[in-house]
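What follows is a short report on a single structure.
Note that the structure is predicted; figures quoted are calculated from it, not measured. Lettering follows sequence order; numbering is per chain, from 1.
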4 protein chains.
Amino acid sequence: MDEKETGRLEAFSDGVFAVAITLLVLNIKVPEPDKLLSDANLWKALFTQWPTLAAFVTSFFTIGIMWLNHHRVFTLIKRTDTSLIMINLVLLLIIVFIPVPTELLAEYLLRFDLHTAAIIYAGTFLLMASAFNILWRYASYQGRLLGKHVNMHLVRSINRQFAFGPLLYLICFGLAWFNTPVSLFFGLALALFFAVPGSSLRLLMKREEITDRENNKNDR
Amino acid sequence: MDEKETGRLEAFSDGVFAVAITLLVLNIKVPEPDKLLSDANLWKALFTQWPTLAAFVTSFFTIGIMWLNHHRVFTLIKRTDTSLIMINLVLLLIIVFIPVPTELLAEYLLRFDLHTAAIIYAGTFLLMASAFNILWRYASYQGRLLGKHVNMHLVRSINRQFAFGPLLYLICFGLAWFNTPVSLFFGLALALFFAVPGSSLRLLMKREEITDRENNKNDR
Amino acid sequence: MDEKETGRLEAFSDGVFAVAITLLVLNIKVPEPDKLLSDANLWKALFTQWPTLAAFVTSFFTIGIMWLNHHRVFTLIKRTDTSLIMINLVLLLIIVFIPVPTELLAEYLLRFDLHTAAIIYAGTFLLMASAFNILWRYASYQGRLLGKHVNMHLVRSINRQFAFGPLLYLICFGLAWFNTPVSLFFGLALALFFAVPGSSLRLLMKREEITDRENNKNDR
Amino acid sequence: MDEKETGRLEAFSDGVFAVAITLLVLNIKVPEPDKLLSDANLWKALFTQWPTLAAFVTSFFTIGIMWLNHHRVFTLIKRTDTSLIMINLVLLLIIVFIPVPTELLAEYLLRFDLHTAAIIYAGTFLLMASAFNILWRYASYQGRLLGKHVNMHLVRSINRQFAFGPLLYLICFGLAWFNTPVSLFFGLALALFFAVPGSSLRLLMKREEITDRENNKNDR
């Protein structure tokens, strides 16, 4: 029963992640052919779109790796309650909103004197990282919604790892007030960075799995 | 066999919910950079979009919590028939339609003398709440599509709880004729309110689960 | 192994159905507030959109009930092969295309002298019904991709029922050459009609299920 | 545990494939009724859209059959790791991007002197085929992420088959520099071609399945 509940929450979240990540492409506008008379002009028109592409790629990996970590965390979370569902909804609200600051950033990336777009962009990522942190901390506090025999050592080590998330996005947010391209590049680097620690996290999760299984045996 | 049927109905519904909730973001338009020459102007342009954001957030939570209750109800509904599928399709039709009144409301939220947009917005929610009620009542009438050993006490208590849905949205609809922002705020409050009763509902569902399991044991 | 294959084919198809049915809403345009100075004008502007709504509702139920029948047929189809997947892709191509004729029809519904839009709309439905028929006939021919102990009596009775699909859509297509609104109304009636026969179809399917289960017992 | 992980990766990928394939339809624009006064004009306006339709159909089958091969490969891949998830994200990034070159190609298909659009279109497919190849080779290298008793003979035969993918798309890419329509037609032919070899591939996979099952028996 519990598993089935998490199952449908994950399925719904997966759906929202998948749609949001795909909708990002709607921001990329194709230059109209009437104004371009040659291949050279088309190449030029396309190259001027590189800020759109840079914002698209950064947001794509940010959402994609947010999904990945969401997925990882839900291998440990076994039960749900109303609060978890609400925190998850807030996280999804931020994910769904990402195409808006992405478009904004793309339009203002080359206006080096203006930083509003970058601030909103990095601010959205900061909110996302915070919501994800709250989700994990709520679920893992005293093992509330985790498996029965969860290793609290593991939980604390994940807590330490995850605490970096909002912190690093806070730096990204700070950078946005001074330099838009650097902040964007830092955001992309963060997305890729959060994909990697998984290897150690998963090692821990696998160890946890084994302990869990052994405990289950002992229970019988 | 029965479960698999409900399974694919739920999967399809989840998909529609996920796409509809994500499409809401398409209503949010980014101000064009050509007309704005400074950060101050961009902030101003963004702040004038707060009605769009308010409508977006309200619709997001309304659809999200409608999904949540849809999901809850389908932990009790075990079988499907053509009528249930049709009622569910009507419910999904209303869900899919929500981005339209959302955009309408956003455009007219600050025209305090005009109420058409708010009436259509609240009216759509009223229809949604009614369709959901009909779905539950159809499925639960004499335990038609529920599990075999369902506790009719529980069904009646859910019935009482769910009867508030259309009633409260009727008030929201009534408010729309007089004051658009109050009606929108009331709609958001309703969405959050319908997330909460779940805790008691789920307690009941869990008790039901146990009874169900015990009955199954006795059958064998 | 076989089941898992059908499982993912169904999941992908469900996803496409869910997105296509939700994208229909993008056809509905909200009247711009600048041109409307009163509630009366807004109501009027909205009422002139009824052809868009009529086309939206018809296409919504057509896709929704196509999904329903797709789902029903795949409770009988147990295996897949390349041809089935290709026929299914062609069916999905037509489903995905539906928003285009829907928008076209909405724009031309009230031009009683012009029938091109209605012809394309009804023609798309005719193609859809034909592709679905081919899918079923390919899968069921000599029980090719069905369960092992499938009742060929049942298959033939479904064949007879399904033969009406393209035939009735052919009538709808014929009507489109003369009268657009009548053709649209007939299309909506067809969608609802194809939801109903399910009850008898499912009775047959259930009987089949039981036979299947008994045969399985005998095999052991 | 491992299977569940692949399960959610596949579900997320299926979602992205389903949304991307459906978003292709947004490229098809409906001619505005105000400029057309007769059925003959509408037919003419629609016929001038055949490049859009040709690009739509080609991209639809390319994504659809990419999904099919993704699905086939994941019947052999049983485990995931961070690298596989990242390669898969890159593949999805390319899939999600496809509507952009599709729209570009549609607009430039009849400008026989301009080849930029076709080069970008075929180049995107070349990247897609390469990413898919890398995904498979990474997963299958020394049986890294495959089932325990996987037949390395089979893996090598798939390797040989898959090596054609990037090669053939390289030819398609080369053609794009000289003749846009030929390149598009070749791209469609490739999509259909990659659907077919599946029959032999699946024969191999089935044989593999049986070996796998027998090995499992011997283990016990």
Q. Given a strict heavy-atom distance threshold of 4.5 Å, which part of A:I95 is in contact with chain B: side chain, backbone, both, or neither?
A. neither
Q: Identify which part of A:L23 has an atom lying under 4.5 Å from any heavy atom of chain B, answering side chain, backbone, both or neither.
A: side chain
Q) Are the side chains of A:L89 and B:I65 in touch, meaning some heavy atoms are under 4.5 Å apart? A) yes
(Q) Can you confirm whether A:M86 sits close enough to B:L192 that some side-chain heavy atom of one is under 4.5 Å from a side-chain heavy atom of the other? (A) yes
Q: Please collect all salt bridge (charged side-chain N to carboxylate O under 4.0 Å, His left out) contacts where either partner lies in residues 12-26 of chain B, sequence neighbours excluded, each pair once.
A: A:R8-B:D14
**Q.** Sequence-distant partners of B:L53, side-chain contact (heavy atoms from CB on, under 4.5 Å), two or more places apart
**A.** A:F97, B:I28, B:F56
Q: Grab the two heavy atoms, one from A:G15 and one from B:A18, that are nearest each other, plus how far apart they are.
A: C-CB, 3.8 Å
Counting heavy-atom pairs closer than 4.5 Å to chain B, which one of [options] comes out on top?
options                     : value
A:V90, A:L92, A:V96         : A:V96
A:I119, A:T116, A:V16       : A:T116
A:L104, A:L26, A:L93, A:V19 : A:L93

Q | B:K29, NZ atom: more than 12 neighbouring heavy atoms under 6.0 Å | A | yes
**Q.** Other residues, nucleotides, ligands: >12 heavy atoms within 6.0 Å of A:Y138 OH
**A.** yes
Q | Which of B:V25, B:I21, B:L24 touches chain A most, by non-hydrogen pairs under 4.5 Å | A | B:V25
Q) Hey, which residues of residues 170-179 of chain A are touching chain B, say heavy atoms under 4.5 Å apart? A) none
Considering only distance and modelled atom types, tabulate donor-acceptor pairs under 3.5 Å from the side chains of residues 124-133 of chain B, sequence neighbours left out.
| residue | atom | partner | partner atom | Å |
| --- | --- | --- | --- | --- |
| B:T124 | OG1 | B:I120 | O | 2.7 |
| B:S130 | OG | B:L126 | O | 2.7 |
| B:N133 | OD1 | B:R137 | NE | 3.0 |
| B:N133 | ND2 | B:F162 | O | 2.7 |

Q) Is chain A contacted by the side chain of B:F17, its backbone, both, or neither, given a heavy-atom distance below 4.5 Å? A) both
Q | Distance, nearest 0.5 Å, that separates CG of B:L42 from CD of A:E107 | A | 9.5 Å
Q.
Would you compute the distance between atom OG1 of A:T80 and atom CG of B:L68 and round it to the nearest 0.5 angstrom?
A. 8.5 Å
